[in-house]
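Just below is one structure, and these are the notes that go with it.
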Number of protein chains: 2
Amino acid sequence: MTAAPSPIRRSTREAQIVAAARRIVEEEGGALTMRRLAAELGIQAPSLYKHFRTKHAVEVALIEQGLLELGAALHGALSGRGRGGMVPRLLTAYRTAAVGNPALYRLATSGPFPRAELPPGLEDWAGEPFLLATGDPCRAQALFSLAHGLVVLEIDDRFPPGSDLRRTWDAGAAAFAS
Amino acid sequence: MTAAPSPIRRSTREAQIVAAARRIVEEEGGALTMRRLAAELGIQAPSLYKHFRTKHAVEVALIEQGLLELGAALHGALSGRGRGGMVPRLLTAYRTAAVGNPALYRLATSGPFPRAELPPGLEDWAGEPFLLATGDPCRAQALFSLAHGLVVLEIDDRFPPGSDLRRTWDAGAAAFAS
DNA sequence: TGACGTAGCTACCAGCGTTAGCTACCGTGG
DNA sequence: CCACGGTAGCTAACGCTGGTAGCTACGTCA
């Protein structure tokens with residue numbers, strides 16, 4: 001298992017801003033705007049631009065947090081050697097981490113991926129458990145796509161009402177447990 | 001195979017507006033705004049509200065079009081009885097239809113699903129091919145999630161550069177080919 | 001003391017969805 | 001023939017968005 005990449009260094013004020021942004025994003029129905037973020041910190045919106053060049057930069061900082069936590073959860077699920085195969089354990093951990101933080105997950109996975117602005121190696125490290133569970137890069141990507149599709153459809157509430165999501169996840173795991 | 005549901009009836013002017021909206025959405029990098037949409041029609045933005053109550057209503061009309069076309073493509077792929085199993089044919093058709101109209105696909109599948117505002121039966125009809133290809137509702141939802149995950153990750157360009165997507169789709173199809 | 005960087009402020013900009021209120025046209029009934 | 005109502009356009013405006021310019025107060029260091 002590769003070591004987790006080190007997060008980007010931030011000043012204390014920057015860390016406070018990211019923490020406030022996270023509070024807003026996790027709060028139900030809270031859209032992240034620069035004015036709301038500033039209000040949460042007791043300052044005016046333009047002052048935020050002394051610390052982050054754009055709103056996108058704030059979002060990237062949140063994405064970095066989310067990927068670190070998701071990666072840690074996935075690696076933990078595989079190293080924990082609980083009962084069941086690697087694929088079901090991986091999917092369970094993925095679902096728990098993502099659905100537990102739906103807004104953060106959506107933020108981190110919608111729109112183009114800010115690969116260049118993230119710590120090098122973070123993406124590979126977070127995705128490594130899929131490679132470990134499948135043994136093949138293409139199968140790993142397919143399994144990841146399945147997990148991602150299941151999560152986004154679940155948190156966007158797109159499955160028809162009355163769906164048995166537990167069994168749907170099981171069916172997905174069964175397909176990839178060879 | 002169930003018959004395709006009939007689309008919602010629209011006045012000619014409404015149809016023109018939806019067509020213009022589609023033109024904008026399909027044009028590369030074109031975000032749909034009421035002012036742009038109005039300009040495309042040679043009128044002012046507030047006039048659009050004589051025909052559609054909100055911007056969301058225009059989007060729903062586009063979603064209806066997208067679902068009808070996607071459903072037709074999927075049903076066609078299964079009834080065509082080409083070579084290969086049902087699952088690979090279904091996934092190929094899904095990928096082709098979605099990636100060919102990325103902006104429309106994203107519009108139709110991001111955010112909450114406007115189930116109540118769409119023609120009754122449309123959702124079930126468009127999803128029916130997944131049931132036909134798998135024979136089980138939960139497996140169908142899982143396969144659909146896989147296809148959706150693959151598509152959104154592909155059109156958002158989130159796979160690491162150099163990925164062999166052809167083989168990734170094949171790996172997904174193989175997992176679900178019983 | 002003077003210079004410089006930090007971190008706040010107010011005032012403002014263009015663009016967004018949307019509303020209010022007005023106007024011109026067009027078909028129909030008295 | 002003329003008034004009525006519906007249709008479909010218009011301008012002006014509101015409150016929100018991300019973002020910029022330019023000012024100010026404060027702390028540090030030569």
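Letters go in sequence order (proteins before strands), and every chain restarts at 1. Computed from a predicted model, the values in this text were never measured in an experiment.
In this view, A:E59 satisfies the side-chain hydrogen bond (donor to acceptor under 3.5 Å, both in side chains) rule with no residue, not counting sequence neighbours. Remark: B:R158 pairs with no residue by the salt bridge (Lys or Arg N to Asp or Glu O under 4.0 Å) rule, at least two apart or across chains. In this structure B:R166 satisfies the salt bridge (Lys or Arg N to Asp or Glu O under 4.0 Å) test together with B:D170, sequence neighbours excluded.
When heavy atoms are screened at a 4.0 angstrom cut-off, B:L32 is found touching the sugar-phosphate backbone but no base atom.
C:dT18 atom P lies 13 Å from atom CZ of B:F52, rounded to whole Å. To the nearest angstrom, P of C:dA7 lies 16 Å from CG of A:L37. Rounded to an integer number of Å, the gap from CZ of A:R36 to P of D:dT17 is 9 Å. Rounded to a whole Å, the CD1 atom of B:I43 is 16 Å from the P atom of D:dT7. The CG-P distance, from B:L48 to C:dG17, rounds to 10 Å in whole Å.
Of the possible polar contacts, none joining the B:E69 side chain to the B:G66 backbone as a donor-acceptor pair under 3.5 Å is found.
Within the structure, a side-chain polar atom (N or O) of B:S47 is placed less than 4.0 Å from OP1 or OP2 of D:dC10.
A heavy-atom distance below 4.5 Å is not found between the side chains of B:S163 and B:T168. Using a 4.5 Å heavy-atom threshold, the side chains of A:F52 and A:R10 count as touching. Contact of the A:F144 side chain with the B:L150 side chain is not registered, since no non-hydrogen atoms from C-beta on lie closer than 4.5 Å.
Less than 4.0 Å separates DNA chain C from no heavy atom of any residue of residues 10-19 of chain B.
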Quick one: which protein N/O atoms are closer than 3.5 Å to N/O atoms of nucleotides 19-27 of chain D? Pair and distance per line, please.
unit_1, atom_1, unit_2, atom_2, d
D:dG19, OP2, A:Y49, OH, 3.0
D:dG19, OP2, A:K55, N, 2.8

Pair up each side-chain donor or acceptor in residues 100-107 of chain A with any protein partner under 3.5 Å, not counting sequence neighbours, and list the distances.
unit_1, atom_1, unit_2, atom_2, d
A:Y105, OH, A:Y94, OH, 2.6
A:Y105, OH, A:H148, ND1, 2.6
A:R106, NH1, A:D156, OD1, 2.1

